[in-house]
**Student:** 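Pasting in a structure now, in C-alpha cells, and then I'll have a few things to ask.
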Amino acid sequence: MGVETEFGVTAFRDGQQVLSPEEVARYLFRPVVAAHRSSNIFTDNGARLYLDVGAHPEYATAECDSVTQLLNHDKAGELTFDRLSRQAEKALAADGIGGEVYLFKNNVDSRGNSYGAHENYLVSRELVLKSFSRQLLPFLITRQLTSGAGVIKNGRFLLSQRADQVWEGVSSATTRTRPIINTRDEPHGDSHRFRRMHVIVGDSTMSETTFALKIGSTLLVIEMLEAGFDLPDLELDDPIAHIREIAADPTGRTELRLKNGGTTTALEVQRATWEAATRWLEHRDGDNDEMERVVALWGRVLSALETGDYSGVDTEVDWMIKRKLLARFQDRLGCGLDHPKLAQIDLTYHDIRRERGLFYLLERKGLAARWTTDGAIAAAEATPPPTTRATLRGAFLRAAREAGVAHNVDWVHLKVNRPEPRTVELLDPFATTDERVTELIRYVEENGATQ
C-alpha cells in the first residue's frame, strides 16, 4: 500500500499574501534542488518528494504492508514538509520578503481548485480491474460517512471535500474526468503478477484514526473481493449520481438505486460491508490484531451514525471532529456556516504545523484521538519500512549520497551512472534482501572517492 498526498501552499505577512503559490513552492523546494539538482527526489526513507503540476508539493509514501506502518509514513511526510516550510521562511526573510509559510493537508482551495490524496493497493494481475472496480464502487462512494474530512461549501457542511470533484466511476484518466478509481496500468512491480489499484476519491485526513479506518476498511474490502468472499451484491445503477447527495447527508439515509433493482441507503451499504468484514476476519490469514482494531472502530462509527449520537466517536472521525468544533464557534458567534470566521477555522484545521494548526491543538487537548505515537512517526521519517523493498531503496540512497555517486532511482530501479552504468530492477515489492543490491552498494562504496 501507499498514499500520495498533495498539499496546498501559501505565504502570508500581516494578513496579506506575499507571493503566489508557485513562488512559495519554489522557496519551499530550494533546499531540495540545491542538494539534489531536482525538485523530484526519493528521500532516505524510501518516499518520493516532488513538486506536482499546479505548484502542489506532494509526498508519496514508500511501500508499506500494514495500516499503522502506512500511517506513520504518511505523517512523516508532514514532518518533512514542515521542516522545508521553516527553511523557506528563513529564505523569505533573508530576501526581504518575510512572512509565514502555510501548508494545508486538505483537498480544496478558496478558488475551488482541487488536489488529491490518492491511495494505492497492490492487487493480483489475474483480476479484471474494471469489473472488480465496479464491485468496489458502492463501498468507496459511501466511505465518506466514516472517513470524510468535512468542508463548508455554499453555507452547508459536507462530509467530503472530494465528492464534488469526481465525475466518473472508473477511468484511465486522472485529471480530465477525475474518476473514483484510475485504471491506468502502472503496477510499479512485476506486471505478470501485480496490478496497482489507484483510488482517487478519498479525502486527505488529519486524524490518525480516520486514516486507519479509511485505509484499513478499504484493504479489507479489496481482500474480500480478491478472495471471492461472500459479499452482498450492492452494485449501484449510477454511483456518480449519488456521491454528492451522500456528502450532504450526515445521517447516511441517502437512498441509492441498485443495478439489479430496488434501493438501499449509504449507511446500509457500509453496514453490510462491515458485517462481511467481521466474517472475513475469521478466515483471514496472519496477525489480525490491527484489522480487529479497524473493524471495531468501523462498527462504532456506524452505530453512531445509526443512532445519531456521535459522542462516542467524535474524536475519531475527521468530519465529526471538525463539525463539533465549528458548532462551538457558531454558538459563540451566533452565526451561520457562511460566516468568514468559520471558513478560516475550516482551513486552519488542516494546517500541518504542529504548534499552529487547529487539528493538532485539538489533539493536544485530547479532543482528537491517536492511533500511533510521535516516536513512531519520527522514526518513519528517518528510516524506510523494513518489511518492503523500500528498505533496499533507502539503503542504496544512503550509500550513493554518502559516496557522492551519480545515481537515479524510481519505484522499481536503482541505477549508478558512473564509472560504469549499473542497474538493479526490483520487481517484488515485498523483497527486503537482494544480493544484487548488496553488490551495487559495494560498487558505490568502492567507486565513490574516484568520481
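Computed from heavy atoms alone, side chains included, the values below leave out hydrogens, waters and symmetry copies. Small disclaimer: the values here were computed from a predicted structure and weren't measured.
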**Student:** State which residue, out of Leu305, Thr210, Leu159, fulfils the side chain to side chain contact (heavy atoms under 4.5 Å, CB included) condition with Met320.
**Tutor:** Leu305

**Student:** Please examine the side chains of Leu256 and Pro138, heavy atoms only from C-beta on, and report whether any two atoms are closer than 4.5 Å.
**Tutor:** no

**Student:** Would you say the side-chain atoms of Asp346 pair up with the backbone N or O of Val151, donor to acceptor, closer than 3.5 Å?
**Tutor:** no

**Student:** Just by distance, do the side chain of Thr61 and the backbone of Val3 share a donor-acceptor pair under 3.5 Å?
**Tutor:** yes

**Student:** Hey, what do you get for CD (Gln270) to OG1 (Thr146), rounding to the nearest 0.5 Å?
**Tutor:** 5.0 Å

**Student:** Which residues satisfy the side-chain contact (heavy atoms from CB on, under 4.5 Å) test with Gln344, sequence neighbours excluded?
**Tutor:** Lys341, Thr348

**Student:** Could you tell me whether the side chain of Glu6 and the main chain of His56 form a donor-acceptor pair under 3.5 Å?
**Tutor:** no

**Student:** Going by heavy atoms in the side chains, are Leu234 and Glu268 under 4.5 Å from each other?
**Tutor:** no

**Student:** Apply the salt bridge (charged side-chain N to carboxylate O under 4.0 Å, His left out) test between Glu316 and each candidate in Arg300, Arg293, Lys214; give the one that qualifies.
**Tutor:** Arg300

**Student:** Where does the angle between the aromatic ring planes of Trp319 and Phe157 fall among parallel (under 30°), tilted (30 to 60°) and perpendicular (over 60°)?
**Tutor:** tilted

**Student:** Taking C-beta and beyond as the side chain, do Asp351 and Tyr360 meet within less than 4.5 Å on heavy atoms?
**Tutor:** no

**Student:** Given side chains that start at C-beta, do those of Tyr115 and Asp109 come closer than 4.5 Å, heavy atoms only?
**Tutor:** yes

**Student:** Just how far is it from atom CG of Leu236 to atom OG1 of Thr264, taken to the nearest 0.5 Å?
**Tutor:** 8.5 Å

**Student:** Does some side-chain heavy atom of Ser204 sit less than 4.5 Å from a side-chain heavy atom of Asn106?
**Tutor:** no

**Student:** Is it possible for you to check whether Arg356 lies under 6.0 Å from the centre of the six-membered ring of Tyr102, through NZ or CZ, and within 45° of that ring's axis?
**Tutor:** yes

**Student:** With no hydrogens and no angle check, is any side-chain donor or acceptor of Arg257 less than 3.5 Å from a backbone partner on His242?
**Tutor:** no

**Student:** Please determine whether a side-chain nitrogen of the Lys or Arg among Lys75 and Glu78 lies less than 4.0 Å from a carboxylate oxygen of the Asp or Glu.
**Tutor:** yes

**Student:** Between Glu439 and Arg442, is the closest basic N to carboxylate O distance under 4.0 Å?
**Tutor:** yes

**Student:** Is the shortest heavy-atom distance from the side chain of Leu392 to the side chain of Val424 under 4.5 Å?
**Tutor:** no

**Student:** Counting distance only, does the side-chain N/O of Glu290 pair as donor-acceptor with the main-chain N or O of Val67 below 3.5 Å?
**Tutor:** yes

**Student:** Compare all side-chain heavy atoms of Asp190 with those of Asp428 and state whether any distance is below 4.5 angstrom.
**Tutor:** no

**Student:** Tell me the closest heavy-atom pair linking Pro187 and Phe194, and the distance in Å.
**Tutor:** CB-O, 3.5 Å

**Student:** Does Asp318 reach the main-chain N or O of Met206 with its side chain, forming a donor-acceptor pair under 3.5 Å?
**Tutor:** yes

**Student:** Trp298 vs Phe139 aromatic rings, parallel, tilted or perpendicular, using cut-offs 30° and 60°?
**Tutor:** perpendicular

**Student:** Looking only at side-chain N and O atoms, does Asn45 offer a donor or acceptor that is under 3.5 Å from a partner on Thr43?
**Tutor:** yes

**Student:** Would one find more than 12 heavy atoms of other residues, nucleotides or ligands at under 6.0 Å from atom NE2 of His192?
**Tutor:** no

**Student:** Within the distance-only criterion (no hydrogens, no angle test), does the side chain of Asp203 pair as donor or acceptor with the backbone N or O of Thr205 below 3.5 angstrom?
**Tutor:** no

**Student:** Is there a donor-acceptor pair closer than 3.5 Å between any side-chain N or O of Asp249 and the backbone N or O of Arg253?
**Tutor:** yes

**Student:** Does the side chain of His407 reach to within under 4.5 Å of the side chain of Phe396, using non-hydrogen atoms?
**Tutor:** yes

**Student:** Got a salt bridge between Glu119 and Arg143, using NZ or NE/NH1/NH2 to carboxylate O under 4.0 Å?
**Tutor:** yes

**Student:** Roughly how far, to the nearest 0.5 Å, is the CD1 atom of Ile345 from the CZ atom of Phe329?
**Tutor:** 4.0 Å

**Student:** Quick check: closest heavy atoms across Val9 and Pro57, and the distance to 0.1 Å?
**Tutor:** CG1-CD, 4.0 Å

**Student:** Does any N or O in the side chain of Thr80 come within less than 3.5 Å of the main-chain N or O of Ala76, such that one atom is a donor and the other an acceptor?
**Tutor:** yes

**Student:** Partners of Arg370 by side-chain hydrogen bond (donor to acceptor under 3.5 Å, both in side chains), sequence neighbours excluded?
**Tutor:** Glu208, Asp374

**Student:** Return yes if some donor-acceptor pair links the side-chain N/O of Arg48 with the main-chain N/O of Ala60 below 3.5 Å, else return no.
**Tutor:** no

**Student:** Please list, chain by chain and in numerical order, all residues satisfying side-chain contact (heavy atoms from CB on, under 4.5 Å) with Leu367, sequence neighbours excluded.
**Tutor:** Arg328, Leu362, Lys365

**Student:** Can you tell me if CD on Glu355 sees more than 12 non-hydrogen neighbours from other groups inside 6.0 Å?
**Tutor:** yes

